Each structure stands twice: as structure tokens, then as C-alpha cells.
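Structure provided below as C-alpha cells; questions to follow.
Treat the numbers as computed from the prediction; the structure is a model and nothing was measured.
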Amino acid sequence: MKRMKYVVAGFLMMGLSLPAVAQNANYSVMLKPIEQSLKDNPNMDAKTLKNLTKDYQKEFKKDPKALVALGEALLINKQYDEASNIGNAVIAKYKDFGDAYILLGDIAAMKDDGGNAAMWYEQSMTMDPKNPQGYMRYANVYRKRSPEESERALNLLKQNCPDFPIEAEAGNNFYLAGNYAKAFEYFSKSNKEDLAEYYLVGYAVSAYMANKKEESLDISKLGIQKFAKNITFDRVALWSAVDLQKYDEAINYAKIVLNTDSVEKSARDYIYYGLALRGNKAYDEAIAQYQKAFDLNKEDYKPYQYMADTYAEMGQEDKALECNEVYMAHNQNATPSDYAKLANIYVQKAEKGGDGKQANLDKAYGIYGQMAEKWPTIAAWVNNMAGMQASKAGQDEKGAEFFQKAVDLLANKADRQDDEITTLKSALANLGYYYWVTKNDLEAAKPYYEQLIKLDPDDKNARAALGLDAEAAPQQ
């Protein structure tokens, strides 16, 4: 029920902009100060609460929509008892007003009572069959517990409300719940040209988060065309264009976001602008944007990693290391990727040679050692990567040491994952080549190739070394 709870909370935070409970201008004005008071004083006692809502309830005692709107305002502020009283009072007078049943269902959902939530939503479907929200809420309750029951509710909705945008609404429900893959699946069944603004926002964001970047960019462009004042579409277009390496487009979207005075800027806006500029090799400008991102939120040191990446791409390894050290010093949750990037800067610096070559390689090797110790589940992958870096630097014996560590970790491991099998094949292939070519010792290479041929019967070097093919010359 937790996910259902968050979906309901999402509906409420949207200001109940759903068709079945669209707010009337008359009562929405009077409701605003009540909502603010509830927000400012979440622990309001019963007497104060009664006085707060008394005039409103008297004014709109014959308006069930207004009363339910008050109930939802109470619900979002966790005034469950008073919200329930309003829902029950509305049902007593207006038995076919589905929104009152939905209110009681929402209360149950927010209290993690899925059974009662479903019961009230089903009552709404029965008493107010033209109200689509009862069906949608009911379908959400059963979406995981009983997909067949969920589908039954949606089919009833199609029969009773054929004009309701079912796919878009289902997509929006999943979007609010943070299930972006499912949201994208449903949104993509709808006609995007006809979608309301908030549906289209959910569609664009869901597509991006579901790694459908091309679709996300296309949907964002449509949103920009139809709802030019909604800067969310420009933001999502910026993210998508950067990820798709369409840097010129991305720069244009970034400029729109950052040059719109009415828009509150975020660190992410500056970071993505920086990424777009870096993609176009405007390195100094990119670094300036990362600095702006940090200045906006000096609790987040992530921009320093982007600076480090940019300096490394410029060939300024010392600057890259300086920025990376700042980032790592303030990052208590550094990832393997963070460590790998730091090691790579030292490798890149070593490639330039000079007196410090070995010292830089040793620092890189040390970082790989830290990674293997800190994350033992990926130690084989780390050692294989270190081996390839050592071999690339011309230190074949050191590379063989790392490859051997990877093999030792994986050769006899049960239930190897696909990525572990790939790592093992790579390490075995590199060790075989090392002994056959570098050490000119085919006999020493054969045990590695014998293991490799079991994992990859088509490996050319393994077949050649073991005499399975006529050609016996190794291929690098």
C-alpha cells in the first residue's frame, strides 16, 4: 500500500486538478487561508480546527464539491477524523456523489489500509459510474495485487466514460508514484497531440527517466510548441539533448532556461549547460557554469567532479586532480565510478611520461587497490581494469599480476553473473596472450586458454594456442 499512499499524496499535492474534483472559483478563494492555516499549524486541536472551518462549511453546506475539497485539504494535512466526518456527511445527503467515497478511500489509502480504500473506491464506481477517478483509484490498488481486477476496473471505465483519457491518466498515476518505466508505457499508448499540459510534462519526464531519450526530446519539443510558458519542457529537452550529444540544441535550451527571469535557477540547470558546453569543447565556459552550480548550493560538491572531468579532457591533469580531491574530500558516499575517474587522471598523467611517470602509475594502482578492498563484489572487475591500464602503460608483468587476481577471484566462483563471466574471459585472454607472446611460453599460456575455451569456444587465440585451428599465430 505504500506506493498507493504516495500516488494519493501526489493527487492531493497537485491541488486536486483532476476533472472530477476541479475547484470552483467561489470556494477555492475561501479555502486558501484554511489550507495555509493547516500547513502552518499541523497539530491544531479539535476546537481550533472546528472554528477554522465553521464559516466555510456553513457557506457551502449545499455544495458537495466544496465540502469534499475541504475534506481533501484536511486529509493532506493528516486531519483524518475531521476529513472522514466531512466525507460521511456528504454521503448522507448526496448518496450518488462519487467524490465523497473517493475522499474516504483516499483517507484509508493514506493510512495504508488497502482493503478499505478499495471498498470506498468501488462504492464510488457503483454510486457514480460516470466519475472516472473511482475506477482509476481502484485500479491502482489492485495493479500489483491483482492485475486482472485492475484491468476489469479499467474496462468498466472505458465502457462508462469513453471520452476519459485512460492511458494518460494511468501514465500520470505511475509518474506520480515514481514508476517511470510503467508511466512511459501507458503514456505512449495515448495521443500525445491531445494531452493536457500536466500529462505531457509527466510523459516527457517519464520518457527521460526510463532512458527513452529520443522520445523524451520529441515530447519536450511538442510541449515547448504547445505550452511555451512551461519551462519544464525546456529543461527536459536540455537533459535529453545533452545525453544524446546534441550539444548545439542543448545550449539553446539551456539559454532559454537561464535567461528566463521568472524561472528560479537550479544547480542542475548550470551543470547541464556546462555539460553541453563541454560537449562543444567550450571548456572554460563549461567550468564557469559548474562554478555557478556550486555557488548556488555550496553543500553539494558534485560540480567539482564535473570540473575535474573537464580539466582532464583539456589535458590539465594537475587542475583535474585538484578539483577531484576537493570533490572526494567532501563526498562521504563516493562510488566506484568516482574512484575510477581519479585513477584514470593519474594514468592519463603518466602517459605523458617524465620523471613522475612511475609515481603516477603507482598512485593509480593504489586507488584500484582501495576500490577492490572497499567493494569486494567488484574486485575482479577492478583488477582486470587495473591490468589493462598497466599493460597499456607497458608494464606487462604488473598487468599480469592484476589479471591473475581477477582470475583467482572468479575461476572457481559458483553462479557467476554475466558481467563476471565477461571479466573472467577478458582476464584469461590477457594472461594467455601475456605468456604466449610477451614471455614466449606457449605451455604456460595453455592452462589459461583451456579455461577460456570452455567459456568462449570461438576465441581465436585460444583455438590457435590449443591447436584446434590450423593458424597458430596469436592475434592481439
Distance-only, no hydrogens or angles: does the Arg235 side chain make a donor-acceptor pair with backbone N or O of Val257 under 3.5 Å? no
With a 4.5 Å cut-off on side-chain heavy atoms, are Tyr80 and Leu75 touching? yes
Reported CG-to-CG distance for the pair Asn430 and Leu452, which is rounded to 0.5 angstrom: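 It comes to 10.0 Å.
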Does the side chain of Gln395 come under 3.5 Å of the side chain of Gln358 through a donor N or O and an acceptor N or O?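 Checked: Gln395/Gln358 side chains pair up, N/O donor to acceptor below 3.5 Å.
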Main-chain N/O of Ala276 paired with Asn280 side-chain donor or acceptor, under 3.5 Å: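 Such a contact is absent between Asn280 side chain and Ala276 backbone.
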Where the side chain of Ser150 meets the backbone of Ser146, is there a donor-acceptor pair that is under 3.5 Å apart? no
For the pair Tyr208 and Asp243, evaluate side chain to side chain donor-acceptor pair (under 3.5 Å) and give the outcome as yes or no after the intermediate values. CA-CA 10 Å; Tyr208 180 82; Asp243 290 356; 2.7 Å; yes
Ser391 (side chain) donor-acceptor with Gly387 (main chain) under 3.5 angstrom: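 Confirmed, Ser391 side chain pairs with Gly387 backbone.
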Tell me whether the guanidinium CZ or amine NZ of Lys192 lies under 6.0 angstrom from the six-membered ring centre of Tyr203 and within 45° of its axis. no
Is the shortest side-chain N to carboxylate O distance from Asp459 to Lys425 below 4.0 Å? no
Ser216 and Val236, any side-chain heavy atoms less than 4.5 Å apart: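 Val236 reaches Ser216 side chain to side chain.
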Cation over ring face, Lys189 and Tyr186, 6.0 Å, 45°: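 The answer is yes, since Lys189 meets both limits relative to Tyr186.
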For the residue pair Tyr435 and Tyr448, is the inter-centroid distance of their aromatic rings smaller than 6.0 Å? yes
Closest heavy-atom contact between Phe187 and Asn172? CZ-N, 3.3 Å
Rounded to the nearest 0.5 Å, what separation is found between the OH atom of Tyr273 and the CG atom of Leu258? 7.0 Å
Checking the side chain of Tyr121 only, and the main-chain atoms of Gly105 only, is there a donor and an acceptor separated by less than 3.5 Å?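 At least one qualifying donor-acceptor pair exists.
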Start with the C-alpha gap between Tyr346 and Glu317, add the side-chain angles, then the distance that decides, and say whether side chain to side chain contact (heavy atoms under 4.5 Å, CB included) holds. CA-CA 8 Å; Tyr346 282 111; Glu317 290 83 13; over 6 Å; no
Test Gln305 against Lys302 for side chain to side chain donor-acceptor pair (under 3.5 Å), laying out the working first. CA-CA 5 Å; Gln305 187 185 52; Lys302 186 70 173 176; 2.6 Å; yes
Would you please test Lys39 and Gln36 for side chain to side chain contact (heavy atoms under 4.5 Å, CB included) and show each step? CA-CA 5 Å; Lys39 183 178 179 181; Gln36 189 60 50; 4.3 Å; yes
For a quick check under 3.5 Å, do Asn384 and Ser426 share a side-chain donor-acceptor pair by atom type? yes
Heavy-atom donor-acceptor pair, Asn324 side chain to Ala320 backbone, under 3.5 Å: no
For Lys226, check side-chain contact (heavy atoms from CB on, under 4.5 Å) against everything at least two apart and list the hits. Leu222
Donor + acceptor pair across side chains of Asp338, Tyr327 (<3.5 Å):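 Yes - a donor-acceptor pair under 3.5 Å links their side chains.
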Let me confirm one number: the CG-CE distance from Asp112 to Met110, rounded to the nearest 0.5 Å. 9.0 Å
Less than 4.5 Å apart, side chain to side chain, heavy atoms only: is that true for Tyr135 and Leu154?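 In short, these two side chains do not touch, never coming nearer than 4.5 Å.
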Heavy-atom check, side chain of Ile378 versus side chain of Pro336, under 4.5 Å: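 Yes; the side chains approach each other to less than 4.5 Å.
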Please check if any side-chain donor atom of Ser266 sits under 3.5 Å from a side-chain acceptor atom of Asp269, or the reverse.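 Yes, side-chain donor-acceptor contact under 3.5 Å.
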d(Leu361 CG, Tyr365 OH) to nearest 0.5 Å is 4.5 Å
Give the minimum heavy-atom separation between Tyr138 and Ala118, together with the two atoms involved.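 So the two residues come closest at CD1-O, 3.4 Å.
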Could you tell me whether the side chain of Tyr433 reaches within less than 4.5 Å of the side chain of Asp396, counting heavy atoms only? no
Treating Asn41 as the side-chain partner and Ser37 as the backbone partner, does any N or O pair qualify as donor plus acceptor under 3.5 Å? no
Side chain to side chain, Trp375 and Val382, heavy atoms closer than 4.5 Å: no
Run the side chain to side chain contact (heavy atoms under 4.5 Å, CB included) test on Tyr247 and Asn252 for me, step by step, so that the C-alpha distance in whole Å, both residues' side-chain angles and the decisive distance to 0.1 Å come before the verdict. CA-CA 9 Å; Tyr247 299 120; Asn252 289 334; over 6 Å; no
Quick check: do Lys349 and Gln316 have side-chain heavy atoms less than 4.5 Å from each other?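 Heavy-atom side-chain distance check fails, nothing below 4.5 Å.
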Ion pair Lys32/Glu35, N-O distance below 4.0 Å: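 Result for this pair is no, no salt bridge flagged.
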Rounded to the nearest 0.5 Å, what separates atom CD1 in Ile256 from atom CD1 in Ile224?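 Going from the CD1 atom of Ile256 to the CD1 atom of Ile224 covers 6.0 Å.
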Output yes when a side-chain donor or acceptor of Tyr311 lies under 3.5 Å from a complementary backbone atom of Glu322, and no otherwise. no
Has the side chain of Lys352 got a donor or acceptor atom that lies under 3.5 Å from a matching backbone atom of Gly315? yes
Just so I know, are the side chains of Asp300 and Phe294 near enough to count as touching, which here means a heavy-atom distance under 4.5 Å?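 Asp300 vs Phe294: side chains apart.
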Does Glu169 use its side chain to pair, donor to acceptor, with the backbone of Phe164 at less than 3.5 Å? no
What's the spacing between Phe184 CZ and Ser206 OG if we round to 0.5 Å? 9.0 Å
So Lys246 and Glu214, salt bridge (charged side-chain N to carboxylate O under 4.0 Å, His left out) or not? Walk me through it. CA-CA 11 Å; Lys246 297 181 178 182; Glu214 289 283 3; 3.5 Å; yes
Name all residues meeting the salt bridge (Lys or Arg N to Asp or Glu O under 4.0 Å) criterion together with Glu313; count only those two or more places apart in sequence or in a different chain, and write none if there are none.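 Applying salt bridge (Lys or Arg N to Asp or Glu O under 4.0 Å) to Glu313 gives Arg278.
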Going through the distances and angles, do Leu195 and Ser190 end up as a side chain to side chain contact (heavy atoms under 4.5 Å, CB included)? CA-CA 8 Å; Leu195 290 179; Ser190 62; 3.7 Å; yes
